[in-house]
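Below: one structure, written as structure tokens.
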Amino acid sequence: MKRSTIKTARAEGNSPASRRVRWGAKLAGLAVGSVALAGCSPAFGAYRGATTQGRSTFHLFQGFAITAIFVGGITFGLLFFVLLRYRKKSDAIPKQRHSNVKIEILYTVIPILIVVGLFFFTVKVENKVDALNPSPNVKVTVTAFQWGWKFYYPATNTTVIGSIKHYPQLVLPEGETTAITLVSQDVVHGFYIPAFNFSRYALPGFVNHFDFTPTSAGTYIGRCSQLCGLYHSEMLFSVKVLSAQQFQSWTSSQAGKVTA
Amino acid sequence: MKFEHKLYLGLGVFFAVIVAIYWFWSGESGGSTLILASALLGLVPGAYLGWWAMRMKPRPEDLEDPTSEESTGVVGAFPTYTIWPFVMGMGAFMIGLAMVFGSWTLVIGFAFAISAAISVTLESKRGGAV
Amino acid sequence: MTLLEQKGEASAHLPVEHHQGPTGYYRWLSSTDHKVIGKNYMYTSLVFMLIAGLMAMLIRTQLASPNSTFVSQQTYNELFTIHGSMMLYLFAGPFAFGGFANYLIPLQIGAPDMAFPRLNALSYWLYLTGGITMLLGFFTASGAAAFGWVGYAPLSSSTNSPGAGPDLWIVSIALVGFSGIFTGVNLVTTIFYLRAPGMTMFRMPIFTWNMLVTGLLILIAFPVLTAALIMLYADRHFGTHVYSVKGGGSPVLWQNLFWFFGHPEVYILALPFFGMVSEIFPVFSKKPIFGYKGLVFATLAIAGLSTGVWAHHMFTTGTVLLPFFSALSLLIAVPTGIKIFTWIGTMWGGQLDFKAPLTWAVGFIVAFTMGGITGVFLASPPIDFATHDTYFVVAHFHQVLFGTTIFAGFAGFFFWFPKLTGRMYREKLAKLQFWLVFIGFNLTFLPQYLLGLRGMPRRIAVYATTDHFTFLNRLSTAGAYLTAIGFVVFLVNMWVSWRSPIKAPDNPWDGHALEWATSSPPPSHNFHKVPPIRSNRPTWDMNHPEHADGRVMTAAELSREVLD
Ligand SMILES: [Cu+2]
């Protein structure tokens, strides 16, 4: 019985959006090969982010990935050149060069410049991802516990509680900002939605706040990312993003209800 | 000796700068305490080594080109065989097990550790023996 | 019996060779010779590595198929906890600073032994008993610790993880922690006070430099861990509330303390291995190390920065100052990059002789560069939010740690094997092992990056068919098995060298540092005669006077020294 529930919940998590992403991943594979071609936007295997925040993170990731390919390419290029070019040919003693200050300065300064650039973009995106809307459209309190999640919508007094036998669903409106308040009842958990490119610890005794602004309707899988004991692997949930209108009717139908 | 002194002092000063930045930026006390401790770990031995460096002439290992007269002298005394570290290790092991199982090994452990501590001290006082 | 050691380039008249003292097992139990202790450390840590490696095989077997029931979830949690704990606390560190450093530092600086030989012996016994204590967990009723090698509070509390297993884990790491602190003290003191005449700080081999910095980092980091563990023990047994919310404590405090140890620890594990390859590249290129001073300052920079980056493991807690830790974490990539370019620069224009040590060292550069670059991703908080606690992180730190401890570690092991044992290993087997491990390693960990980006969290015992993690996990498992075959080849290599030895010359590689100027294996107090040290490469200078770095002694000077 348990196994079948896993299947349903996960099958949902796998439906249209996920299939789209998988298709995107195949495309990305092709795109990596032709990264030199102008105008393409390879995903490098990552999710493109189904929220405005996650989208910013994805763009940052792309920037890092391109930098990494560039830096890695140069490093490996130099390495393989050396390995092939300077294979032992004779017993002659090569020139005993101890240092070359110009080259040393070069390989110190260039990495510093790259790192400063990466830091600049990191801070920019970080501020976007961490920004809290002073007047969010929806508020949800997420409580993590061993081993499940509780989603509470204070505006309508709606509660959804899940367990490892029955995964709960977090419903969010598309195009609107939801403010999440995250706590834990017992140990440290990780509230992780891969498709949103986001995770945050659920800590006991400390309240975390962050915003989601979903950009595309669909169902996504959510997981616990931080080891929390025996059934850590099965502490799943799903996220359903509805159009603002559908969300309205959902909330009014669920007002005051407790779903377990 | 001068360089050893500078090395410690340098690390200490670096950590002192970091702790200043960190403390005023974050106000977080736990991490600040730890970096402050690291700074002291650099500054205190650094000062001590500097104090010695001022009082002694460079050692043969500090000289670029020591003569053979400068190079001779006693390095130190090195024990070759002694059982007491093993005894002390076993004592610590038993104390450790007692912390988990709360058993009689605590008594034996302390007996081992204390006798080893006494013996190893006497041994090095005598100049070492098997 | 105590030997009074004379300082001097010529101490040939000292009767150090007579083999008095105890015999048999008692000799082994009571030895304070750094070479005996170093070898004990090395072999013990390799055994722990193989045990932890077997656990990795079980872990990979479990993950080879969806909804797997190969082991129970409880066993799975125990397996990865002890796998990680053993690899990090019992293998990677002790292999380097207990094994290699203990054996090599006195030889490289021309000293008769470590500064505190008795303390050194105690370190080893604490380490060995600590390791046994950790394994004892599997034999208790409630099983071994199952809260990850990081032991996060409050999962590690007495309510969430009752039983003897977690206590054994705490005691084990406390014992190993004290052992590490003693070794750190010994390393720093030895390097400061026991160098041979003429061995100035800036003539020390890079390996010795790296071990000095490692020693300093141990002194900064290990006491914090030991203190944190004692408080954890107190929370579990004496009713204190350091890490529990209910009593006014803070679970995040554990994370702060743990990572204040944990991040320098990463460099404590890595720096010795950087040092090893920095000895190997010059020798097999027949060139000096490129940019010696730059390398030394890069090492010092890593040491400094490494104590200011701990909270990059805590970006997703929402409790840390993101820009500060992000900036320092990104910055630490610079000295690390300098090192990689230094090694390439050393090989540039050389005569590369691809013996096993060089081959393994090149494998290290490849693995470490990939792991280093993906580390830069994780230094950026938004990207960390997306990948934290996923297989992306698992792949990253395995590339870094496996890259250093196994690739650089085996480079060093084969490089110094002739010195350690007086025998040669079998070159072909060492190469075969390399290719098996290298292909296996990449096949294991490269798919894990993709798994992480596709959303597979770490430390999960099961995943569903519908997650589409199966194919990549199968690749990873296949790679792990291939790696395991590589280690079987290693055992065969050791068996063959043991049963039909080939005698090793004193200086088989035309080495540069002082350890190659003494016999293989060295006599009980290391040198009959320390050669004159007038540069970073005294043994090279002695063997290649026409290409010497330092002042070459005149015949008169040399003969006077011999007569001394
Ligand atoms: Cu959880």
Side-chain angles (χ1 to χ4, degrees), chain A residues 6-7 10-11 14 45-46 57 60-61 64 68 71-72 75-76 78-79 82-83 86-89 93-99 103-104 107-108 111-112 115 118-119 122-123 125-126 129 187-188 190 192 194 197-201 203-206 208 223 225-233, chain C residues 73-74 147-148 152 154-155 160 245 250-252 286-288 290-292 294 316-319 322-323 326-327 330-331 333-334 337-338 340-341 344 347-353 362 365 369 373 377 380-383 385-386 388-390 450 453 455 457 459-462 464 466-467 544 547:
Chain A
I6 289 182
K7 270 195 185 130
R10 276 179 178 147
N14 183 45
T57 301
L60 184 68
F61 177 82
F64 269 65
V71 173
T75 313
F76 282 128
L78 284 172
L79 177 67
V82 167
L83 296 183
Y86 296 110
R87 257 172 191 287
K88 185 173 175 178
K89 289 177 196 81
I93 304 242
K95 187 163 179 265
Q96 302 292 299
R97 184 194 289 277
H98 286 263
S99 59
I103 289 179
E104 286 175 56
Y107 67 54
T108 311
I112 291 179
V115 158
L118 293 176
F119 182 65
T122 291
V123 172
V125 173
E126 184 180 293
V129 172
V187 301
V188 182
Y192 173 40
N197 282 335
F198 189 82
S199 72
R200 181 62 63 89
Y201 279 1
L203 293 164
F206 184 87
N208 259 306
R223 299 170 179 278
S225 60
Q226 175 60 41
L227 174 69
C228 56
L230 187 55
Y231 294 115
H232 163 58
S233 347
Chain C
Q73 303 205 21
Q74 173 64 29
F147 39 58
Y152 272 9
L155 184 60
N160 290 306
V245 182
S250 156
V252 178
K286 286 221 175 297
K287 281 182 65 202
F290 180 79
Y292 175 94
T316 65
T317 58
T319 63
L322 298 178
S326 170
L330 285 167
L331 211 52
V334 175
I338 290 177
I340 292 174
F341 291 119
I344 295 177
M347 290 190 280
W348 195 285
Q351 292 269 15
L352 300 183
D353 188 3
V362 169
I365 296 194
T369 304
I373 286 177
F377 284 71
S380 172
I383 300 178
F385 294 165
H388 185 79
D389 272 332
T390 70
L450 213 49
L453 292 175
R459 294 170 176 152
I460 59 167
V462 285
T466 46
D467 288 330
H544 300 272
H547 294 286

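Chain naming here is simple, since letters A, B, ... match the order of the sequence lines and numbering starts at 1 in each.
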Closest approach of [X] to [Y] (non-hydrogen atoms, all atoms of both residues):
{"X": "A:Leu227", "Y": "C:Gly148", "answer": "CD2-N, 3.6 Å"}
{"X": "A:Thr57", "Y": "C:Pro382", "answer": "CG2-O, 3.3 Å"}
{"X": "A:Val82", "Y": "C:Leu352", "answer": "O-CD1, 3.7 Å"}
{"X": "A:Glu126", "Y": "C:Leu322", "answer": "OE2-CB, 3.5 Å"}
{"X": "C:Lys286", "Y": "A:Gln96", "answer": "O-NE2, 2.9 Å"}
{"X": "C:Arg459", "Y": "A:His232", "answer": "O-CD2, 3.2 Å"}

Counting heavy-atom pairs under 4.5 Å with chain C, which one of [options] comes out on top?
{"options": "A:Leu78, A:Thr75, A:Val129, A:Ile93", "result": "A:Ile93"}
{"options": "A:Ser99, A:Pro94, A:Gly72, A:Pro194", "result": "A:Pro94"}
{"options": "A:Ile112, A:Val71, A:Ile103", "result": "A:Ile112"}

Task: Check: C:Ala386 main-chain N/O paired with A:Ser199 side-chain donor or acceptor under 3.5 Å - done: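 Judged by distance alone, no pair lies under 3.5 Å.
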TODO: Answer yes or no: is there a donor N or O on one side and an acceptor on the other, between the side chain of C:Gln351 and the main chain of A:Lys89, under 3.5 Å?
DONE: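 At least one qualifying donor-acceptor pair exists.
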Task: Point-to-point distance, once rounded to the nearest 0.5 Å, from CG of C:Asp389 to OG of A:Ser225 - done: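 One gets 5.0 Å once the value is rounded to the nearest 0.5 Å.
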Task: Rounded distance (nearest 0.5 Å) linking atom CZ of A:Phe64 with atom CD1 of C:Ile373 - done: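 Interatomic distance, A:Phe64 CZ to C:Ile373 CD1, rounded to 0.5 Å: 12.0 Å.
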Within the 4.5 Å heavy-atom criterion, are [X] and [Y] side-chain neighbours or not?
{"X": "A:Glu104", "Y": "C:Phe290", "result": "yes"}
{"X": "C:Thr317", "Y": "A:Phe206", "result": "no"}
{"X": "A:Leu203", "Y": "C:Thr319", "result": "yes"}
{"X": "A:Val187", "Y": "C:Phe147", "result": "no"}
{"X": "A:Tyr231", "Y": "C:Gln73", "result": "yes"}

Most chain A-contacting option - heavy-atom pairs closer than 4.5 Å, from [options]:
{"options": "C:Ala333, C:Ala327, C:Gly294", "value": "C:Ala327"}
{"options": "C:Gly337, C:Gly350, C:Pro381, C:Pro251", "value": "C:Gly350"}
{"options": "C:Pro323, C:Pro457, C:Gly349", "value": "C:Gly349"}

Task: Steps toward side-chain contact (heavy atoms from CB on, under 4.5 Å) verdict (C:Ile365, A:Leu79) - done: CA-CA 9 Å; C:Ile365 296 194; A:Leu79 177 67; 3.9 Å; yes
- [ ] Step by step, work out the side-chain contact (heavy atoms from CB on, under 4.5 Å) result for A:Tyr192 and C:Thr316.
- [x] CA-CA 10 Å; A:Tyr192 173 40; C:Thr316 65; over 6 Å; no
Open item on the list: Please classify the contact between C:Asp353 and chain A as side chain, backbone, both or neither, with a heavy-atom cut-off of under 4.5 Å.
Closed with: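 Both the backbone and the side chain of C:Asp353 come within 4.5 Å of chain A.
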Task: Contact origin within C:Ile344 toward chain A - heavy atom pairs under 4.5 Å - done: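 For C:Ile344, heavy atoms of backbone and side chain both lie under 4.5 Å from chain A.
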Task: Parallel, tilted or perpendicular: ring planes of C:Phe385 versus A:Phe198, cut at 30 and 60 degrees - done: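 Geometry flag for A:Phe198 against C:Phe385: perpendicular rings.
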Open item on the list: Between C:His388 and A:Tyr201, is there a side-chain donor-acceptor contact under 3.5 Å, judged purely by atom types and distance?
Closed with: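 On atom types as modelled, these side chains qualify, holding a pair under 3.5 Å.
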Open item on the list: Determine whether C:Leu453 and A:Phe61 satisfy the following criterion, side-chain contact (heavy atoms from CB on, under 4.5 Å), listing intermediate values before the conclusion.
Closed with: CA-CA 11 Å; C:Leu453 292 175; A:Phe61 177 82; 3.8 Å; yes
Open item on the list: Under a 4.0 Å threshold between the charged nitrogen and the carboxylate oxygen, would C:Asp467 count as salt-bridged to A:Arg223?
Closed with: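 Looking at C:Asp467 together with A:Arg223, the answer is yes, because their closest N to O distance falls below 4.0 Å.
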- [ ] Have a look at C:Ser380 and tell me which of A:Leu60, A:Val125, A:Val123 forms a side chain to side chain contact (heavy atoms under 4.5 Å, CB included) with it.
- [x]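 Exactly one pass, corresponding to A:Leu60.
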